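Residue indices begin at 1 and follow the sequence shown. Every number for a ligand or one of its atoms is a count from 1 in the order of the listing. A quick note: this is a predicted structure, and the numbers were derived from the prediction, not measured.
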Amino acid sequence: MLNPEVAPGEFTELDRFVFESWGYLVIPGVLSAAEAEECYDASKRLHAARERAFGQIGRGYEVEPCLERLIDHPAVLPKIRGLFGDRFILQASWNTMQPARGGIGGWHQDGSSAYNFNQVGYPVPLIQLRVSYLLTDQSRPGSGNMELIPGSHRSQVPLPDDVRAQRGDVPIGHVICAPIGSVLVFHNGVWHRTFRHDGDQDRYTAHYVYSPPWVRPADRLANADDFLERTTPMRRALMGEFERPDAPYGANYEPLPFE
Ligand SMILES: O=C(O)CCC(=O)C(=O)O
C-alpha cells in the first residue's frame with residue numbers, strides 16, 4: 001500500500017500537508033542497517049531482565065549511547081521542530097519488544113486516562129508526537145509492523161467498541177511496511193495498533209515521544225544527574241532542563257539550542 005513517505009531532514013510544506021492529511025509520515029533510510037542492529041542489540045540488553053513477552057521499557061537513552069543518539073537525530077529533529085516550533089521536550093522514550101510469533105495488539109489512540117486529549121478539543125490536539133525507529137525489517141505485513149488508520153486523528157467518532165473489543169480489522173487499516181532503519185512519525189490522535197508478528201526474531205522498536213514543554217514527562221519523575229552531566233546541551237534541553245522563568249504568562253520558555 002501507498003506510504004506517506006517523506007525525505008529525511010528539512011520539514012517541507014508538502015511534509016506538513018502529508019502529515020495533516022494522514023496523521024503520520026514515514027522516513028526511510030534514517031538508520032543504516034548496521035546502526036539499527038546496534039540499537040537492536042542495545043534493546044535486547046534493556047529487556048534482558050524481564051520475561052519474554054510484549055513490553056515497553058523507558059529511559060534506555062540513559063544507559064545505551066546508540067539510543068541516546070536517537071533523541072535528536074538530524075534526519076528527524078527538523079520534522080518535530082516543523083510541527084511544534086522551537087520549544088518542545090522529549091516527553092518519554094519507550095523501547096518496545098514484541099516477541100517472535102507475537103499476536104496483534106489492541107486499537108488505541110495515545111493519550112491519558114486523566115482528562116484525555118479528546119476532552120481538550122476537536123480535532124484531538126497534537127500533544128504527543130511519536131517517532132518510532134524500526135530496528136527490524138518490516139517490509140512485509142506480519143513482521144510486527146505498526147498498523148494505523150490514515151486520517152483517523154480527525155475522526156469525530158471513536159473506533160466502534162465492538163471492533164476494538166474483537167481486535168477486529170478495519171478496511172482502511174494501513175499496515176506500515178518499511179525496511180529496517182525507517183522511521184514512523186505519528187500524531188497521538190491516530191488510531192493504531194501493533195500488527196501480528198509471524199517471524200521468528202523478536203521485534204524491537206525504539207519510540208521517542210515529543211511534547212510541548214508544559215507536558216509532564218512520562219518515563220521519569222526526574223532526570224538522572226549523571227546523564228544530564230554527560231549529555232549534550234541540546235539533549236539536556238530536550239529532557240526539559242532549560243530555563244522556564246516563574247512568570248504568569250506564556251511564551252517564557254527558552255527556545256531549544258538549535259545550531
Ligand atoms: O508495538 C509497538 O511498538 C507500539 C505499541 C503502541 O501502539 C504504543 O505504545 O502506543
Side-chain angles (χ1 to χ4, degrees), residues 22-27 30-31 36 39-40 42-44 46-47 50-61 64 67 70 76 90-114 116-118 124 126-150 152-153 158-159 163-165 167-170 173-199 201-211 215 217-220:
W22 284 50
Y24 54 100
L25 304 171
V26 174
I27 319 173
V30 171
L31 301 181
C39 294
Y40 184 96
S43 307
K44 257 166 98 172
L46 279 186
H47 288 260
R50 356 177 262 109
E51 54 169 348
R52 231 182 108 251
F54 185 92
Q56 322 210 61
I57 292 191
R59 308 178 78 149
Y61 48 80
E64 294 288 351
L67 298 179
L70 304 187
V76 178
L90 179 73
Q91 191 256 353
S93 155
W94 302 114
N95 189 291
T96 304
M97 187 266 216
Q98 183 191 26
R101 317 254 161 228
I104 213 152
W107 285 112
H108 63 283
Q109 296 172 295
D110 289 340
S112 173
S113 56
N116 195 20
F117 303 164
N118 59 10
V124 180
L126 177 65
I127 296 181
Q128 293 181 345
L129 182 66
R130 184 179 283 247
V131 173
S132 309
Y133 289 82
L134 310 190
L135 305 182
T136 54
D137 184 65
Q138 298 177 19
S139 306
R140 56 163 194 88
S143 48
N145 326 60
M146 297 291 291
E147 183 177 8
L148 282 74
I149 303 181
S152 55
H153 59 312
L159 193 61
V163 175
R164 295 185 64 191
R167 305 199 167 204
D169 286 338
V170 175
H174 176 207
V175 177
I176 308 288
C177 292
I180 185 168
S182 301
V183 164
L184 167 69
V185 179
F186 67 101
H187 188 299
N188 48 269
V190 176
W191 285 87
H192 63 279
R193 66 175 169 180
T194 306
F195 198 58
R196 57 163 216 283
H197 182 15
D198 305 330
Q201 182 198 22
D202 295 338
R203 180 277 256 170
Y204 294 95
T205 298
H207 301 274
Y208 294 76
V209 182
Y210 300 86
S211 294
V215 177
D219 63 349
R220 56 197 186 273

Taking atom types as modelled, find out whether Thr96 and Gln98 have a side-chain donor-acceptor pair closer than 3.5 angstrom.
no
Per-atom filter on ligand 1: closer than 4.0 angstrom to a heavy atom of Thr96 are 1 (O), 2 (C), 3 (O)
Pick one of side chain, backbone, both or neither for how Arg193 approaches ligand 1, counting any non-hydrogen atom pair under 4.0 Å.
neither
Does one side chain, of Arg203 or Thr205, offer a donor that lies under 3.5 Å from an acceptor on the other?
yes
Identity and distance of the protein heavy atom lying nearest atom 3 (O) of ligand 1:
His207 NE2, 2.7 Å
Nearest protein heavy-atom contact for atom 1 (O) of ligand 1: which residue, which atom, what distance?
Thr194 OG1, 2.6 Å
Logged contact type for Gln98 with ligand 1, heavy-atom cut-off 4.0 Å, is neither
Location of contacts on Glu147 toward ligand 1, heavy atoms closer than 4.0 Å:
neither
Checking Arg193, Arg164, His192 against His108 for side-chain hydrogen bond (donor to acceptor under 3.5 Å, both in side chains), the one that qualifies is His192
For ligand 1, which is the ligand I care about here, please tell me if His108 has any N or O atom under 3.5 Å from one of the ligand's N or O atoms.
yes
Enumerate the atoms of ligand 1 whose separation from the nearest heavy atom of Met146 is less than 4.0 angstrom.
1 (O), 2 (C), 4 (C), 7 (O)
Which ligand 1 atoms, with their elements, are less than 4.0 angstrom from a heavy-atom of Gln56?
9 (O)
Is the ring pair Tyr24/Trp22 parallel, tilted or perpendicular, if the boundaries are 30 and 60 degrees?
perpendicular
Specify whether His47 and Tyr204 have parallel, tilted or perpendicular ring planes, treating 30° as the upper limit for parallel and 60° as the lower limit for perpendicular.
tilted
Under a 3.5 Å cutoff, is there a donor and acceptor pairing between the side chains of Ser93 and Asp219?
no
